Amino acid sequence: MKGFIIEEQKHYLKLLSKGRENSTLKAIKKNTDRLVKHFILLELINYKSYNQFLEILKTKYAPSTVSKTHSQCKSFLRWMNHPSIKEISLIRLPEILPPIKTYTQDEFNMIIKWCHNQKKVGWRKRAAVYLLIIATSGMRASEARALKWENFDHQTGTFFLEYTKNRTSRFAKISKTVALPMIMEWKNDLETYFDGIKTPWVLPSLLLPNNQAGYNAISTKLREVTSSELGIQINSKKFRSTIVQFMRDMGISYEDIAAIVGHKDISVTQKFYSRIKLDNSAVDSYEKMLSRILKPNLPE
């Protein structure tokens, strides 16, 4: 395998662009940039040189950054089917998992109340619709921004997601009581606002109805303006973590939660959204299981 690694990186990032937020793509580029700048040529990468590359990273960055870089670079090299990927995949680094951040029930309700207080068509009401969708459906930010009216069933409060991070389509349900009424109101408001023009997007540009709203038009204003107004840091991923945590507290299985939030593997749900922990219900179930299988063997 020969050639400039930067050309492969450009192609790789282009393929990843569907269904991912700009912030996610920037993070992937930033991590793989370290590999690109270090090696330049594909033929320079082998097990030994890659190990040396990681050792250099350890002197410059925090362990979590090195771990993320290693993970992203492995995915990149695996996509290229690089000759050394099997050996490189065997390299293990100590993993430091970030803390899982969630909203309290009071914070969650405060955000919902702010959403319902937005009456006039503008970026605030569009932001409110966006928040109600991600807060009650478990969607990713990129999935919510890409929603189209043609994929919405108002009778069931269900969206069909064409493009997702996993490149697989799925259904996502919003709250019929908390979110649906405002979304239907928003749909009617938009037709009036655009003088009868029907925009295909649930979250359109307020200047060009045929264009979807950009990342900065929604996320940046939420982060910089709405967060300040509420005194609560608005973070799209935090809503997903909150929903997962609420569902786990209710005893919903990891399999069902993974299906709701769109994870292919429940290990992702467990690792990044709700770490496995031993609770009383698990201990009780374990005791019942033991008594059941051991009962025939108990001495009389």
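All values derive from a computational prediction rather than experimental measurement. If you read the sequence from its start, that first residue is 1, and numbering goes on from there.
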Participant: Does Ile243 belong to the same Ile/Leu/Val/Met/Phe/Trp/Tyr cluster as Ile183, with side-chain heavy atoms less than 4.5 Å apart forming each link?
Facilitator: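 Unlinked, Ile243 and Ile183 end up in two clusters.
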Participant: Does the Lys173 side chain pair with the main chain of Thr156, one donor and one acceptor, at a distance under 3.5 Å?
Facilitator: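 Indeed, once roles are kept as given, a pair shorter than 3.5 Å links the two residues.
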Participant: For a quick test of reading the model, state the closest non-hydrogen atom pair linking Lys176 to Pro181 and the distance between them.
Facilitator: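 Heavy atoms only, the tightest pair is O-CD, 3.4 Å.
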Participant: If every non-hydrogen atom of Pro204 is compared with every non-hydrogen atom of Pro209, which pair is closest and at what distance?
Facilitator: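 Smallest heavy-atom distance, with atoms named: CB-O, 4.0 Å.
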Participant: Could you tell me if Asp33 and Gln9 have a donor-acceptor pair between their side chains, going purely by distance under 3.5 Å?
Facilitator: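 Note: Gln9 and Asp33 side chains meet the donor-acceptor criterion.
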Participant: Minimum heavy-atom separation for Ile88 and Asn46, please, with both atom names.
Facilitator: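 The pair with the smallest heavy-atom distance is CD1-O, 4.4 Å.
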Participant: May I ask you to check whether over 12 heavy atoms, not counting those of Lys238, lie within 6.0 Å of atom NZ?
Facilitator: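 Enclosed: over 12 neighbouring heavy atoms sit under 6.0 Å from NZ of Lys238.
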Participant: Is the shortest distance from a Lys or Arg side-chain nitrogen in Glu143 or Arg170 to a carboxylate oxygen in the other one below 4.0 Å?
Facilitator: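 Looking at Glu143 and Arg170, the cut-off is met.
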Participant: How long is the span from the CD atom in Gln72 to the CG atom in Leu35, to the nearest 0.5 Å?
Facilitator: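 If we round to the nearest 0.5 Å, Gln72:CD and Leu35:CG are 11.5 Å apart.
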Participant: Could you list the cluster mates of Phe160? Members are the ILVMFWY residues connected by side-chain heavy atoms closer than 4.5 Å, either directly or through other members.
Facilitator: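 Once heavy-atom contacts under 4.5 Å are chained together, Phe160 belongs with Phe171.
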Participant: Whether the side chain of Thr59 engages the backbone of Ile56 through a donor-acceptor N/O pair (distance < 3.5 Å, no angle test) should be reported.
Facilitator: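 The answer is yes, because a donor-acceptor pair under 3.5 Å joins these two groups.
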Participant: Distance-only, no hydrogens or angles: does the Arg92 side chain make a donor-acceptor pair with backbone N or O of Ser89 under 3.5 Å?
Facilitator: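 Looks like yes, one N/O pair under 3.5 Å.
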Participant: Could you tell me if Arg34 sits above the aromatic ring of Tyr61, with its cationic atom closer than 6.0 Å to the ring centre and no more than 45 degrees from the axis?
Facilitator: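 So Arg34 does make the cation-pi contact.
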Participant: Is it the case that Asp189 and Thr192 place a side-chain donor and acceptor less than 3.5 Å from each other?
Facilitator: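 Side-chain D/A pair, Asp189 to Thr192: absent.
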Participant: Shared ILVMFWY cluster between Tyr215 and Ile234, side chains joined below 4.5 angstrom?
Facilitator: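 No, no single cluster joins them.
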Participant: Determine whether the aromatic ring centres of Tyr103 and Phe108 lie less than 6.0 Å apart.
Facilitator: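 Aromatic pair excluded; centres sit 6.0 Å or further apart.
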Participant: Which heavy-atom pair separates Gln118 from Met182 by the least distance, and what is that distance?
Facilitator: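 Here Gln118 and Met182 meet closest at O-CE, 3.3 Å.
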Participant: For the residue pair Ser205 and Asn211, confirm or rule out a side-chain donor-acceptor distance under 3.5 Å.
Facilitator: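 No donor-acceptor contact under 3.5 Å links the two side chains.
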Participant: Relative to Phe53, does Lys48 satisfy both conditions: NZ or CZ under 6.0 angstrom from the six-membered ring centre, and within 45 degrees of the ring's axis?
Facilitator: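 Cation-pi check for Lys48 and Phe53: fails.
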Participant: For Gln105, I'd like to know if atom CD has over 12 heavy atoms of other residues, nucleotides or ligands within 6.0 Å.
Facilitator: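 Count not over threshold, so no.
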Participant: Is a side-chain N or O of Glu191 found less than 3.5 angstrom from the main chain of Asn188, in a donor-acceptor match?
Facilitator: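 Not at all, since once roles are kept as given, no pair shorter than 3.5 Å links the two residues.
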Participant: Measuring from atom CG of Asn151 to atom CG of Leu161, what distance do you get when rounded to the nearest 0.5 angstrom?
Facilitator: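 The CG atom of Asn151 sits 8.0 Å away from the CG atom of Leu161.
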Participant: Answer yes when Glu185 and Lys125 have at least one side-chain N-carboxylate O distance shorter than 4.0 Å, and no when they do not.
Facilitator: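 Looking at Lys125 together with Glu185, the answer is yes, because their closest N to O distance falls below 4.0 Å.
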Participant: What I want to check is whether the side chains of Gln245 and Asp249 have a donor and an acceptor closer together than 3.5 Å.
Facilitator: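 Indeed, the side chains of Gln245 and Asp249 share at least one donor-acceptor pair under 3.5 Å.
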Participant: Looking only at side-chain N and O atoms, does Asp265 offer a donor or acceptor that is under 3.5 Å from a partner on Ser267?
Facilitator: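 Judged by distance alone, the side chains do pair up.
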Participant: Should the pair Phe76 and Trp79 be assigned to parallel (<30°), tilted (30 to 60°) or perpendicular (>60°) ring geometry?
Facilitator: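 Taking Trp79 first and then Phe76, their aromatic rings lie parallel (interplane angle under 30°).
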Participant: If you compare all heavy atoms of Val178 against all heavy atoms of His116, which two are closest, and at what distance to 0.1 Å?
Facilitator: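 Where Val178 meets His116 most closely, the heavy atoms are O-NE2, 2.9 Å.
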Participant: With no hydrogens and no angle check, do the side chains of Glu162 and Ser169 hold a donor and an acceptor under 3.5 Å apart?
Facilitator: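 Not at all, the side chains of Glu162 and Ser169 share no donor-acceptor pair under 3.5 Å.
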Participant: Do Thr199 and Phe194 come close enough that some side-chain heavy atom pair is under 4.5 Å?
Facilitator: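 Contact flag for Thr199/Phe194 side chains = yes.
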Participant: When you measure from the centre of the six-membered ring of Trp149, is the NZ or CZ of Lys198 under 6.0 Å away and within 45° of the axis?
Facilitator: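 Cation-pi check for Lys198 and Trp149: fails.
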Participant: Quick one: do the Asn81 and Arg78 side chains pair a donor with an acceptor below 3.5 Å?
Facilitator: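 No, no side-chain donor-acceptor pair sits under 3.5 Å.
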Participant: Could you tell me if the ring centre of His70 sits under 6.0 Å from that of Tyr50?
Facilitator: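 His70 vs Tyr50: aromatic centres under 6.0 Å.
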